[in-house]
*Asks:* 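Here's a structure for you.
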Amino acid sequence: MLTNEYVKRVYAQVERRDGDQPEFLQAVQEVLESLQPVVEKHPEYEKVGVLERLVEPERVVKFRVAWTDDEGKVQVNRGYRVQFNSAIGPYKGGLRFHPSVNEGVIKFLGFEQILKNSLTTLPMGGGKGGSDFDPKGRSDAEVMRFCQAFMTELCRHIGQFTDVPAGDINVGAREIGYLFGQYKRIRDEYSGVLTGKGLEFGGSLARTEATGYGLCYYTAEAMRVLRGDSFEGKTVVISGSGNVAIFATEKAQALGAKVVTASDSNGYVYDPNGIQLDVVKDIKLGHRGRIKEYAERVPGAEYHEGCAGVWTVPCDIALPCATQNEIDEASAEALVKNGCTVVCEGANMPSTPEAIAVYQKNGLLYGPAKAANAGGVAVSGLEMSQNSYRLSWTFEEVDAKLKSIMETIVADSLAAAKEYGHEGDLMLGANAAGFVKVANAMVAQGVL
Ligand code: GLU
């Protein structure tokens, strides 16, 4: 509930201006609610309009992307880059290629990215971009032509000291390679302008694994500190089967848990014996197939149509790693009813506000996305450091830094939650801890 007058006024303005962007409103409302005790303690933020400025992107770029498909037909998509906040570093955040992409979706992601990047403790501002391009069923050559057309426009807005994009849904190593090649060709400049690059051309070891591994490091640390518990012997439900889900499964298994599900936009598989990750990797990373194939290949595994059913599978820990709003109130209630006591988010904003209310009412350990999934962008930050140094660290070095960053996020979130009178609240703590650093930088730099 919004009770603070300043916060209410700021939210009303966002509602008036951006009422047609439901995901953005949802992200803003959650953050503003958490920040009420912070602005009450720091009246200086209101004096220089920090919140009014925080909810307004510094720049929104929207552009046509025209390309030719394999039949010779011209296709037109929309491209976006939202440069949300550069108070603590160059804009940083991924690119998403998905038919659901629109300005509101990119704005919600960019807004979340501001506080997420701040939580990593690395110097990165917040940004996000993407397109409504659907790569499903497209040939490799079509994806390359699309990426080249997309970068032909985007390249004038980004740079290693300005804005550093990376991957998100449907943007992985292949797409980053094509995007990097086109940037280099047009600008004649070899720099760390993108992260998530291939290891041969400036990528960081452990970047591929970072979001999923980081999610498990965060969850393990939060469980250790708040519950004196661990992954050992737990049953885990994971949604998705992309980069985040695959490496979350890998790390959860390594930490002694049994992961029993995987899903995609068509449905989910339940494997009571524990997911065989090599099969999922072969399907998804090997030939970009559908998860249904898993049940055809692994005896004892079941496939069910419809991805929301995954939340009815009994578990101790749920790690949503697919997409926004994938857990609604009914799904959250099903999780609680079947014994789940921990929800940590690998995807961005996977829980609706009603689902979060269910977690809170039932005392679940809830790790919000901007903290729990910050490992991806954290290692992107480490990739930027390595590019600047012109050297590369070993897998073990990067992985150790990632683990330490995730543990620091838990500690910083809990410290902020305590400071603002909500001890143990990882959501309020993440929003407050991420915000204060950005807000102080905004105050110091004057009204911009
Ligand atoms: N797309 C990822 C995220 O949501 C990573 C962004 C990055 O590495 O810049 O945080």
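When a ligand or atom number is given, it counts from 1 through the structure's own listing order. Basis for what follows: all heavy atoms, side chains included, without hydrogens, waters or symmetry-related copies.
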*Asks:* Heavy atoms under 4.0 Å from ligand 1: which residues qualify?
*Replies:* Lys92, Gly93, Gly94, Gln113, Lys116, Lys128, Ala166, Gly167, Asp168, Arg207, Asn348, Gly376, Val377, Ser380
*Asks:* Keeping the roles fixed (side chain from Lys437, backbone from Ala433), state whether a donor-acceptor pair exists under 3.5 Å.
*Replies:* no
*Asks:* Counting distance only, does the side-chain N/O of Asn387 pair as donor-acceptor with the main-chain N or O of Ser191 below 3.5 Å?
*Replies:* no
*Asks:* Listed by chain and number, what are the ring pair (Phe, Tyr, Trp, His ring centres under 6.0 Å) partners of Phe63, not counting sequence neighbours?
*Replies:* Phe150
*Asks:* Under the side chain to side chain donor-acceptor pair (under 3.5 Å) rule, collect the residues that match up with Glu293, sequence neighbours excluded.
*Replies:* His287, Arg297
*Asks:* Under 3.5 Å, is there a donor-acceptor pair between the side chain of Asp316 and the main chain of Thr235?
*Replies:* yes
*Asks:* For Phe435, what residues pass the ring pair (Phe, Tyr, Trp, His ring centres under 6.0 Å) criterion, not counting sequence neighbours?
*Replies:* Tyr45
